[in-house]
Amino acid sequence: MTTSSRPLDAAAKPPAKRRAPKTAPKPESRLATELSSWPTRLFFGAEILLALALFIAQAPRLEGDFALLAMLIILNVAAELKPIPVYGDTYISVGFVITTSIMVLFGGPGVVLAAPIEAVAGRLGRRKLDYKAVTNAAMFTIVYSAGAAAYDLIADVNPSHVSTEMIPAAIAAVLVSFVLNAVLVACSVRLTHGDSLSDLWNKHTWVAPQFIGLGIIGMALVSAYVALGIAGIVAFLTPAFMMRLSMKQYVDKTVENVEKLKNQNKALQSANVEIRRVSEELRYSYDGTLEALVNALDARDQETKGHSIRVSKYMLQIAREMGVKEGTTEWTDMQRGSLLHDVGKIGVSDMILLKPGKLTDEEWTKMRLHPEIGYNMIRQVKFLEGAAELILQHHERWDGKGYPAGLNEEEILLGSRIFSVVDTFDSMTSDRPYRLAMKTQDALNEILRCSGTQFDPMVVEAFLDTYEKWVQEREEMIGSADSPISMPHAA
């Protein structure tokens, strides 16, 4: 009746979420570990002494049909030799049906003889004949003796006829056996493994219905014996062992389904790893494509070389300041959109793009088409859909006087509002064919002057938080502008 139909093994560790050691310790070393503390040795020693006292006091008082007792013990051994494993270290058998019968028919004297034999059979059934057979024998003796005593308080042992007192007496015997068994096992495991008593109790309460169910069947077996003798026991064993067969089939089917689920889970994990690998490869392919486009733009306009890389770096710093989470879709769209913001200039004539003087009104009209050109170029590329929207709006203004759609305030994407500030700052502090770079302090003053008109005030505030760091980094980046440009990868 271990987490089953027999009492739980006294020193056996119950199912727990612990990693098994890579190399199982030798029996001697495990024994030395589990019995290393004096409280543990004292506990098991006390159990063994109490069991011996019960055996000495009860065994001489044995009365009844010895042949029947021998038959019941043999049946119990047969049940314990074929336990049903569930949940790793937990086993179920129908042996408690026979144990209950011995309690009712032979009382304490019968169970003190049957308990040690059952303990040895239980360990043999699990192929673990070790010192725990001794500690289990002691615990079984104590538990069954207590159950038999509870029965004896309510109804007569070895009844000559079936009576109503037998039912509450049997229930009392089962409950006392279960509770005492759970307490003793929890204490022993607490001492040997340090587990919490409350956790151990919670792990064992699920077997209470089985104790009660098997005990009731044992009571029915006694009733069959009282009415029909040995023939009644033989006849009644059929449903008991059919129950064992159905339990075995159920557990085996459950184990089979669990194994299937484990295999499917492994396959899913492998597929997930492969999907992540392919996803990483695609991401790097996307970034490589963007890098090629950015370098192509820089090769066309040497005056703005490095501009897209710098703007992207600044923009992501402000986005982080404003609470955009790194690695999100919004973050990635900002990173890609800022890098490709001027891709539409591919559709602008070199005569306009590289003109050293001021542009005419007609030339400005053509230049202002580049956001829409860039948007139309990349909007049908799935992984650049969000970036395309940023490109389309990157010349909109907070006051609604921008282009191409004249959007205002929060109608404009946050990424485009951030971009507007960093693009303007980098452009003002960089040389152009038609003018020299402004000083960084003058550019800062211009940004502040246009806050609330051209720029989102909240973005300007975030810009101020990173300004000094930017100035230093910008000087370093411009100083290495002739080196190969490497695009920052999306997180």
Side-chain angles (χ1 to χ4, degrees), residues 1-18 21 24-59 80 88-91 95-96 99 108 111-126 128-150 173-208 211:
M1 134 185 141
T2 333
T3 305
S4 75
S5 60
R6 64 176 184 280
L8 292 162
D9 287 356
K13 183 180 176 182
K17 296 180 180 179
R18 280 200 176 100
K26 294 180 180 179
E28 296 81 8
S29 63
R30 185 185 294 117
L31 173 60
T33 300
E34 293 182 352
L35 302 181
S36 60
S37 66
W38 70 264
T40 306
R41 294 194 295 268
L42 182 62
F43 176 82
F44 287 131
E47 268 193 341
I48 293 170
L49 289 176
L50 179 57
L52 284 174
L54 289 170
F55 183 87
I56 293 171
Q58 297 274 14
E80 296 302 321
D89 215 16
T90 303
Y91 287 76
F96 193 56
T99 301
V111 296
V112 296
L113 291 175
I117 298 173
E118 178 185 321
V120 174
R123 298 305 291 177
L124 286 173
R126 298 172 61 178
K128 293 182 178 180
L129 188 58
D130 52 18
Y131 80 95
K132 293 177 185 177
V134 177
T135 57
N136 286 351
M139 188 186 71
F140 289 8
T141 300
I142 296 169
V143 168
Y144 292 159
S145 295
V174 170
L175 290 177
V176 168
S177 299
F178 167 75
V179 173
L180 184 56
N181 170 62
V183 169
L184 292 176
V185 169
C187 290
S188 66
V189 176
R190 168 68 176 173
L191 290 170
T192 55
H193 299 287
D195 293 4
S196 165
L197 288 176
S198 60
D199 289 344
L200 291 167
W201 175 263
N202 292 333
K203 289 175 183 176
H204 300 322
T205 52
W206 70 274
V207 298
F211 268 72

Output for pair (L184 CG, N136 CG), nearest 0.5 Å, gives 11.0 Å

For E47 and I142 the tightest heavy-atom approach is O-CD1, 3.6 Å

Only residue of N181, V185, V179 satisfying side chain to side chain contact (heavy atoms under 4.5 Å, CB included) with V143 is N181

Is I117 close to E80 at the side-chain level, that is, under 4.5 Å between some pair of heavy atoms?
no

Nearest heavy-atom approach of L54 to V112 is O-CG1, 4.1 Å

- Query: Do the side chains of F96 and V174 get nearer than 4.5 Å, heavy atoms only?
  - Reply: yes

On a heavy-atom basis, the closest approach of A137 and P116 is CB-CA, 3.8 Å

- Item | Side-chain heavy-atom pair F140, V111 within 4.5 angstrom cut-off | no

For G147 and A173, the nearest pair of non-hydrogen atoms, with its separation, is O-CB, 3.2 Å

Trace of the side-chain hydrogen bond (donor to acceptor under 3.5 Å, both in side chains) decision for T99 with E118: CA-CA 9 Å; T99 301; E118 178 185 321; 3.2 Å; yes

Between A148 and G108, the two heavy atoms sitting closest are CB-N, 3.6 Å

Quick one: does L113's side chain get under 4.5 Å of F55's, heavy atoms only?
yes

